[in-house]
Colleague: 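My questions all concern the structure below.
Bear in mind that the values here come from a model prediction, so they are computed numbers and not experimental data. Note that the numbering runs from 1 along the sequence shown for the chain. Note that ligands are numbered from 1 as they come in the structure, with each ligand's atoms numbered from 1 the same way.
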Amino acid sequence: MALIDKILKLKRDKRAVILAHNYQRPEIQDVADYVGDSIELSRKAMNEKEAEMIVFSAVDFMAESAAILNPEKKVLLPTLGARCPMAQMLTVDEIKRCKLQYPLAPVVLYVNTLASAKAYADVCCTSANAVEVIESLDADTVLFGPDRNLAEYAERKAGKKVIPIPEWGFCPTHLLFQPEDVQILKMQHPEAVVMVHPECSSEMRNVADFVGSTSQMCRYAKESTAETFIVGTEEGLLHRLIRDNPEKKFILAYEDAVCPNMKLNTLEKLYVALKEEKHLVTVPEPIANKARKALEKMFEITN
Ligand code: 13P
Ligand code: SF4
């Protein structure tokens with residue numbers, strides 16, 4: 001039996017659902033029940049009533065959020081080492097230190113954080129709703145971590161003081177994009193529209209026609225009348241963009257923009273995870289209970 005058929009059979013037999021992030025390998029996206037950005041996948045995980053098991057093909061913090069929102073379900077991460085380096089950049093000690101410095105500022109944490117950090121957040125957000133979440137808070141100054149670029153973007157859009165914690169947090173993959181590369185591509189494709197992820201630098205955002213989460217970029221490309229797009233995010237998104245818009249052309253703004261952690265998941269590992277029910281993602285209850293409140297607050301704000 002082909003690997004894909006084995007996965008589909010196991011999935012049926014075990015009443016499992018496969019959620020995959022937009023950066024997953026094409027063959028994983030194709031076998032998944034649902035492919036999306038962080039907010040869509042968290043919502044899917046939260047509303048998943050039928051399945052007994054969730055196989056979350058992505059990185060650690062996304063599977064952790066699913067486990068927090070579904071304490072009664074088995075949540076599996078196909079590769080134990082698939083960890084977002086940016087999520088590791090914000091420690092609990094750093095949050096405590098900043099809270100002492102700014103006692104009145106609410107703590108808004110990007111979902112790209114560890115559960116232990118989320119436990120200290122007033123509210124979570126994703127790249128799709130960071131601006132909306134910050135605008136909704138009754139405060140002119142907020143602490144925001146760990147992505148400095150998203151903090152900067154949200155500060156400009158929401159018109160509030162957004163203090164990045166730590167001061168230097170970043171995504172190594174989105175840092176690879178340079179406006180000079182976009183300028184060269186624009187010379188070759190003057191009609192192209194530029195869309196980038198808010199984790200890119202402000203210089204990249206300044207040359208973009210659209211800034212949004214991975215799924216927001218998919219919607220933008222679908223609705224736009226443009227035929228050519230220069231894309232500033234991880235290369236995995238191109239599979240979905242091309243599949244959904246076969247008549248349009250998508251060019252990666254930097255051709256080696258790969259998140260090595262996202263790419264650790266393979267079809268083979270997905271199969272083994274389903275078969276052997278590993279790697280089980282668990283979050284200690286006291287941490288999960290606090291982190292869940294911050295995630296639920298985000299859902300209340302953004303519906
Ligand atoms: P999205 O929520 O936009 O999919 O982003 C997740 C991420 O990790 C970006 O690097
Ligand atoms: Fe983390 Fe960046 Fe990879 Fe997203 S692309 S999972 S932020 S390292």
Colleague: Any side-chain heavy atom of E234 within less than 4.5 Å of one from K263?
Modeller: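 With C-beta onward as the side chain, the pair touches.
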
Colleague: Show me which atoms of ligand 1 lie under 4.0 Å from any heavy atom of E199.
Modeller: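 So the answer, numbered in order with elements, is 7 (C), 9 (C), 10 (O).
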
Colleague: Can you tell me which residue and heavy atom of the protein come closest to atom 4 (Fe) of ligand 2, and the distance to 0.1 Å?
Modeller: Y23 CE1, 4.0 Å

Colleague: In Å, rounded to the nearest 0.5 Å, how long is the span from CD of E94 to CD1 of I165?
Modeller: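 The CD atom of E94 sits 6.5 Å away from the CD1 atom of I165.
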
Colleague: Heavy-atom contact check, 4.0 Å cutoff: does E234 meet ligand 1?
Modeller: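 No, E234 has no heavy atom closer than 4.0 Å to ligand 1.
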
Colleague: Measuring only between side-chain heavy atoms, which start at C-beta, is N149 closer than 4.5 Å to S202?
Modeller: no

Colleague: Please report the closest heavy-atom contact between A291 and A115, naming both atoms and the distance.
Modeller: CB-O, 4.1 Å

Colleague: Find all atoms of ligand 1 within a distance of less than 4.0 Å from any non-hydrogen atom belonging to S213, and give their numbers and elements.
Modeller: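 The list of qualifying atoms is 3 (O).
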
Colleague: How long is the straight-line distance from CZ of F144 back to CG of L109, given to the nearest 0.5 Å?
Modeller: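 Interatomic distance, L109 CG to F144 CZ, rounded to 0.5 Å: 8.0 Å.
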
Colleague: Give the numbers and elements of all ligand 1 atoms closer than 4.0 Å to a heavy atom of H174.
Modeller: 10 (O)

Colleague: Side chain, backbone, both or neither: which applies to Q216 and ligand 1 if a contact is any heavy-atom pair less than 4.0 Å apart?
Modeller: neither

Colleague: So do V162 and E152 actually touch side chain to side chain, heavy atoms under 4.5 Å?
Modeller: no

Colleague: How long is the span from the CZ atom in R205 to the CZ atom in F210, to the nearest 0.5 Å?
Modeller: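 Going from the CZ atom of R205 to the CZ atom of F210 covers 13.5 Å.
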
Colleague: Looking only at heavy atoms, is any part of T214 under 4.0 Å from ligand 1, and if so is it the side chain, the backbone, or both, or is it neither?
Modeller: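 For T214, the contact with ligand 1 is made by both the backbone and the side chain.
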
Colleague: Looking at side-chain heavy atoms only, is the closest gap between I28 and K269 below 4.5 Å?
Modeller: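 They are not in contact (no side-chain heavy atoms under 4.5 Å apart), so the answer is no.
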
Colleague: What do you reckon, does N22 have a nitrogen or oxygen under 3.5 Å from a nitrogen or oxygen of ligand 1?
Modeller: no

Colleague: Under 3.5 Å between any N/O of D37 and any N/O of ligand 1: does that happen in this structure?
Modeller: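 Checking ligand 1 against D37, no N or O pair falls under 3.5 Å apart.
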
Colleague: Any side-chain donor paired with an acceptor under 3.5 Å for Y23 and T233?
Modeller: yes

Colleague: Between the main-chain N or O of Y271 and the side-chain N or O of K6, is there a donor-acceptor pair closer than 3.5 Å?
Modeller: no

Colleague: Heavy-atom contact under 4.0 Å between M262 and ligand 1?
Modeller: no

Colleague: Indicate the atoms forming the closest heavy-atom contact of P260 with T173, along with that distance.
Modeller: CD-OG1, 4.3 Å

Colleague: May I ask you to list the protein N, O or S atoms found at less than 2.8 Å from atom 1 (Fe) of ligand 2?
Modeller: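 You should have found C84 SG.
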
Colleague: Any heavy-atom pair between the side chains of S65 and L295 that's under 4.5 Å?
Modeller: yes

Colleague: Please work out, at 4.0 Å between heavy atoms, whether the side chain, the backbone, both, or neither of N112 comes within that distance of ligand 1.
Modeller: side chain

Colleague: May I ask you to list the atoms of ligand 2 that are less than 4.0 angstrom from any heavy atom of E199?
Modeller: 2 (Fe), 7 (S)

Colleague: Of all the heavy-atom pairs spanning P78 and N265, show the shortest one and how long it is.
Modeller: CB-OD1, 3.6 Å

Colleague: Could you find the nearest protein heavy atom to atom 6 (C) of ligand 1 and give me its residue, atom name and distance?
Modeller: S38 OG, 3.4 Å

Colleague: Which protein heavy atom lies closest to atom 5 (O) of ligand 1, and at what distance to 0.1 Å?
Modeller: H197 NE2, 3.3 Å

Colleague: Between ligand 1 and S127, is the shortest N or O to N or O distance under 3.5 Å?
Modeller: yes

